[in-house]
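Data first, discussion second: the structure below is written as structure tokens.
A, B, ... follow the sequence lines: proteins, then strands. Residue 1 opens every chain. Quick caveat: nothing in here was measured; it's all calculated off a predicted structure.
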Protein chains: 2
Amino acid sequence: MNHDMIIRITRYYRILNRLRSLGLEKVFAHNLADAAGVSAAIVRKDFSLLEIYGQKRGGYDILFLIAALGKILGKTDEPQNIIIVGCGRIGRALMHYNGFEPDGIRIIAGFDTDPLVYSENVHPVPIYPMSRLEEVVSSHQVDVAILTVPESATSDSFQRLMNAGIKGVLNFSPITLKPVADAEGLKPVIHNVNIALELEQIFYELQFPKT
Amino acid sequence: MNHDMIIRITRYYRILNRLRSLGLEKVFAHNLADAAGVSAAIVRKDFSLLEIYGQKRGGYDILFLIAALGKILGKTDEPQNIIIVGCGRIGRALMHYNGFEPDGIRIIAGFDTDPLVYSENVHPVPIYPMSRLEEVVSSHQVDVAILTVPESATSDSFQRLMNAGIKGVLNFSPITLKPVADAEGLKPVIHNVNIALELEQIFYELQFPKT
DNA sequence: TCGTTTATGTGAATCATTATACAATAAAAA
DNA sequence: TTTTTATTGTATAATGATTCACATAAACGA
Ligand SMILES: NC(=O)c1ccc[n+]([C@@H]2O[C@H](COP(=O)([O-])OP(=O)(O)OC[C@H]3O[C@@H](n4cnc5c(N)ncnc54)[C@H](O)[C@@H]3O)[C@@H](O)[C@H]2O)c1
Ligand SMILES: NC(=O)c1ccc[n+]([C@@H]2O[C@H](COP(=O)([O-])OP(=O)(O)OC[C@H]3O[C@@H](n4cnc5c(N)ncnc54)[C@H](O)[C@@H]3O)[C@@H](O)[C@H]2O)c1
């Protein structure tokens, strides 16, 4: 399964949950396609490759699809624990965001180097000094961290996360982090969110519209 | 030029600016490739397609490349004005971010429906009530808006932006906005940033590593 | 009951992207 | 000066993704 396909699958999964909550039971390939912004052919192809089958003329059963896709996406009943490293403006906005819970993602702690930040007690989750990183990561079985430290601290913090046993990072700094294989040849999974880059792409596309 | 290529070009552009500020004058395809996380062949292919040429065995002239790519990316001396609609936690974090200026992007105003938010006077840029949207957009020639309103307000706010003449939107809500052609057949450029989706993809990739 | 309609499932065709391979060329070394 | 080396530029091959097209099956309607 390729990267684009994973994105589509996660999209389908969300859309299906929405459709279910609206009380629907069946969905056609072209409905899903419209909602996900892809072609109906590719929806059918995706499901075909995943060996998920519908009923001829009847479409696909939503509950069945949700179960099948959930399994593929590794959805469990237990939420996934994550941490936030760098509790500045962006980090704290993420901490207060309540849109992760429905997706089974739970922020269990923040980390910061600034005592003014980590000694405050008014956060939705505790903020610890960086010295407690390893302890919290291992005791709560945290695999994934959101990295929202200043640009200058990005590489060091990333290294620190790797050493603490973190396996996946969502990086908000404009420094593009790249996965480097560890001693056992395992590469961390890194996604870089670069907001300025997104804006630049929009400007580009406005200036040179396709067709 | 396709979408992936635009992303690469914006990457090259940033990297080149960094290299220049380090005092370098020449760069080889494989240096850029390493920094951008792509293969050297694709760097050469990209430049070849863009009709940007280097010196055999001498690599590419950094200043020349920056000029050429800047032109392609529509870089001007004037910064691009943008606005932020929905000045909550995320919106305000973006307002305070000073990493846009170096990229020629300037946030000129925020908009919100909540009088408690727009009457405060402590922001880096003014926050106006939504009623002043059209006026500010047209008087400052704003083409692009960042949309950071709650999920429930997303579609309405988006429509409002379209009516006000906004042509590009960076949307942070989990509702995926889709471009719909206007009366003249022009489609807005929309980029959706979905943080929960990014996290889900990381979990997926951790569970099913490639190769 | 028997055509008609509607949607799935998938092999083949098309299209797009990336990698390979190497000739061309300029710099450096001998 | 000649040879070696390093790097570009691109033609071609390989790979991968998407769309097309249609056989297939189920539901519907007459
Ligand atoms: N704010 C935005 O809108 C925005 C937009 C795009 C990118 N970013 C990027 O996101 C990152 C965070 O931005 P921000 O605006 O929240 O910055 P911020 O300065 O508000 O917050 C950074 C936080 O990290 C902490 N910190 C510093 N060094 C640390 C270290 N070594 N380990 C742990 N914590 C450390 C600081 O104490 C601070 O609390 C930056 O890299 C920035 O470039 C931010
Ligand atoms: N905070 C996060 O970490 C995070 C993460 C992912 C996605 N998001 C999404 O980003 C968006 C903003 O999140 P947030 O945490 O900043 O929310 P928030 O509630 O802090 O801020 C929303 C702001 O929008 C204003 N608003 C409401 N309706 C409006 C309207 N019709 N027009 C203009 N302004 C309006 C509110 O007054 C408020 O100031 C949401 O859609 C959220 O789902 C946020």
Side-chain angles (χ1 to χ4, degrees), chain A residues 1-12 15-16 19 24-69 72 178-179 201 204-205 208 210-211, chain B residues 1-12 15-16 19 24-69 72 178 201 204-205 208-211:
Chain A
M1 169 145 47
N2 71 50
H3 183 73
D4 285 3
M5 189 165 165
I6 299 171
I7 296 177
R8 289 198 300 270
I9 303 296
T10 48
R11 287 242 161 85
Y12 300 155
I15 293 162
L16 289 164
L19 296 177
L24 300 188
E25 291 181 3
K26 294 281 180 181
V27 68
F28 298 130
H30 67 265
N31 303 136
L32 255 184
D34 288 349
V38 298
S39 71
I42 213 168
V43 171
R44 297 204 302 274
K45 192 66 143 191
D46 283 345
F47 290 173
S48 173
L49 291 172
L50 295 170
E51 299 177 39
I52 292 172
Y53 301 107
Q55 293 87 43
K56 297 246 160 144
R57 204 199 149 115
Y60 300 85
D61 184 274
I62 289 181
L63 284 178
F64 174 76
L65 267 186
I66 288 175
L69 296 182
I72 288 160
K178 271 174 295 180
Q201 283 169 40
Y204 176 83
E205 288 171 43
F208 304 102
K210 1 185 166 164
T211 64
Chain B
M1 168 145 47
N2 70 49
H3 184 72
D4 285 3
M5 190 165 165
I6 299 172
I7 296 177
R8 290 198 300 271
I9 303 295
T10 49
R11 288 243 160 85
Y12 300 156
I15 293 162
L16 288 164
L19 296 177
L24 301 188
E25 292 180 3
K26 294 281 182 182
V27 69
F28 298 130
H30 66 264
N31 303 135
L32 256 184
D34 288 348
V38 298
S39 72
I42 213 170
V43 171
R44 297 205 300 275
K45 190 71 145 192
D46 283 345
F47 290 172
S48 174
L49 291 172
L50 296 170
E51 300 178 35
I52 292 172
Y53 301 106
Q55 294 86 44
K56 297 244 160 142
R57 207 201 147 111
Y60 300 85
D61 184 274
I62 289 181
L63 284 179
F64 173 77
L65 267 187
I66 288 175
L69 296 183
I72 288 161
K178 270 174 296 178
Q201 283 169 41
Y204 176 83
E205 288 170 42
F208 304 102
K210 2 186 165 165
T211 66

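Note: CG (B:L49) to P (C:dA19) measures 14 Å, nearest angstrom. When rounded to the nearest whole Å, the span between CD of B:Q55 and C1' of C:dT25 equals 12 Å. B:K56 places its NZ atom 9 Å from the C1' atom of D:dT7, with the value rounded to the nearest Å. Across the protein-nucleic acid pair, B:D61 atom CG and C:dA26 atom P stand 16 Å apart, rounded to whole Å. Summarising the geometry, the separation between CG on A:D46 and P on D:dG16 is reported as 17 Å, rounded to the nearest angstrom. Straight-line distance from the CD1 atom of A:I42 to the P atom of C:dC15: 16 Å, rounded to whole Å. The distance between atom CG of A:D4 and atom P of C:dT17, rounded to the nearest whole Å, is 11 Å. When the P atom of D:dT8 is taken as reference, atom CD1 of B:I52 falls 14 Å away, rounded to whole Å.
Residue-level contact check: B:A40 touches neither bases nor backbone, having no heavy atom under 4.0 Å from any strand. At the heavy-atom level, B:F47 lies nowhere under 4.0 Å from the strands shown. Within 4.0 Å (heavy atoms only), B:G54 reaches sugar-phosphate atoms of the nucleic acid but no base atom.
For A:R44, no side-chain nitrogen or oxygen approaches OP1 or OP2 of D:dC22 to under 4.0 Å. The side chain of A:S39 places no N or O atom within less than 4.0 Å of a non-bridging phosphate oxygen (OP1 or OP2) of D:dT18.
Counting heavy atoms from C-beta outward, A:L50 and A:L69 have side chains that approach closer than 4.5 Å. The closest side-chain heavy-atom distance from A:V43 to A:F28 is not below 4.5 Å. By the 4.5 Å heavy-atom criterion applied to side chains, B:L16 and B:Y60 are not counted as neighbours. Contact annotation: the side chain of B:V38 never approaches that of B:D46 to less than 4.5 Å [non-hydrogen atoms, C-beta and beyond].
Residue whose closest nucleotide on DNA chain C sits further toward the 5' end, between A:R57 and A:Y53: A:R57. Place B:K45 and B:G58 on DNA chain D by their nearest nucleotides, and B:G58 ends up nearer the 5' end. When each of A:R8 and B:A29 is assigned the nucleotide of DNA chain D bearing its nearest heavy atom, the one mapping closer to the 5' terminus is B:A29.
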Between A:Y12 and A:V27, does the side-chain contact (heavy atoms from CB on, under 4.5 Å) criterion hold? Intermediate values first, please. CA-CA 11 Å; A:Y12 300 155; A:V27 68; over 6 Å; no
